[in-house]
Amino acid sequence: MRATRTRPTGIERTFGDHEMIVTKTDPRGVITYANDVFLRISAIPEREAVGQPHSVIRHPDMPRAVFKLLWDTLEEQKEIFAYVLNLAADGAHYWVLAHVTPSYDAAGRVVGYHSNRRRPTPAAIAAVSDLYASIRAAEARQSHTPDAVAAGHQALRDTLAERGMDYDELVWSLTNDSRR
């Protein structure tokens, strides 16, 4: 784990449309595998990435409520697609469209998670950035982390209800609308 908290530099890093970031974790979210694209984009050497919690790349502008949704979905043993803003070890940031799935052993027990990430379009990033800003604002009005997560989660649910969709439908609408 990094000894000091990395501060965002405002520099955006991207990766190729043909590239895919791949990581695997144990059931607690500790990285057990990271491909070369992840290591390059996150600016973390493999020896420092493996064994660390996946939250090592959490960007402070990423709403906690989205991670609550992600973990709640995975606990139900369902897959999730999500737009995520990550923070590289050198302070650069990068957006991904993540697909996270549970991994099972032969007995059907969850033994970890597998995540593939693609580069999202600028239009999708712009749309989700606005949503995430409103969620972060709801979170920021609370002084305690659990209250902040609950407030952000409620803001997300309220926005989705206003739009008449769930998070999966939102992600797919942003993904499909931005590719036209």
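No hydrogens, no waters, no symmetry mates; every other heavy atom, side chains included, goes into these values. Residue indices begin at 1 and follow the sequence shown.
Residues H114 and V22 meet the side-chain proximity criterion, which asks for heavy atoms closer than 4.5 Å. With a 4.5 Å cut-off on side-chain heavy atoms, E79 and F81 count as touching. Residues Y83 and V171 are in side-chain contact: their nearest non-hydrogen atoms beyond the backbone lie under 4.5 Å apart. In this structure, the side chains of R117 and T23 come closer than 4.5 Å at one or more pairs of heavy atoms.
Remark: the backbone N or O of V111 is not paired with any side-chain donor or acceptor of S103 at under 3.5 angstrom. With hydrogens and angles ignored, the 3.5 Å screen pairs a side-chain donor or acceptor of E169 with a backbone N or O of D166. In terms of modelled atom types and a separation under 3.5 Å, the side chain of R64 and the main chain of V149 share no donor-acceptor contact. In this structure a side-chain-to-backbone donor-acceptor pair under 3.5 Å is present from H93 to I11. At distances below 3.5 Å, at least one donor-acceptor pair connects side-chain atoms of T121 with backbone N or O atoms of A124. Side-chain atoms of N35 come within 3.5 Å of backbone N or O of M20 as a donor-acceptor pair.
The pair D36-R40 does not meet the salt-bridge criterion, since no charged nitrogen lies less than 4.0 angstrom from a carboxylate oxygen.
Using modelled atom types and a 3.5 Å distance limit, the side chains of Y94 and S42 yield no donor-acceptor pair.
Between L131 and L170 the shortest heavy-atom distance is CD2-CD2, 3.3 Å. Closest heavy-atom contact between I80 and L70: CD1-CA, 3.7 Å. Smallest separation of non-hydrogen atoms from R13 and I41: NH1-O, 2.9 Å. The minimum heavy-atom distance between R118 and E19, with the atom names listed, is NH1-O, 3.7 Å. For V110 against P27, the heavy-atom pair with the smallest separation is O-CG, 4.0 Å. In this structure, G152 and A65 approach most closely via the heavy-atom pair C-CB, 3.3 Å.
Hydrophobic clustering (ILVMFWY, side-chain heavy atoms < 4.5 Å, transitive): L69 and L74 are in one cluster. Hydrophobic cluster membership is shared by Y167 and M165, with clusters built from Ile, Leu, Val, Met, Phe, Trp and Tyr side chains linked at under 4.5 angstrom. Follow the hydrophobic side-chain contacts under 4.5 Å out from V30 and you never reach L39; the two are in separate clusters.
Once rounded to the nearest 0.5 Å, the distance linking OG1 of T32 with NE2 of H54 reads 9.5 Å.
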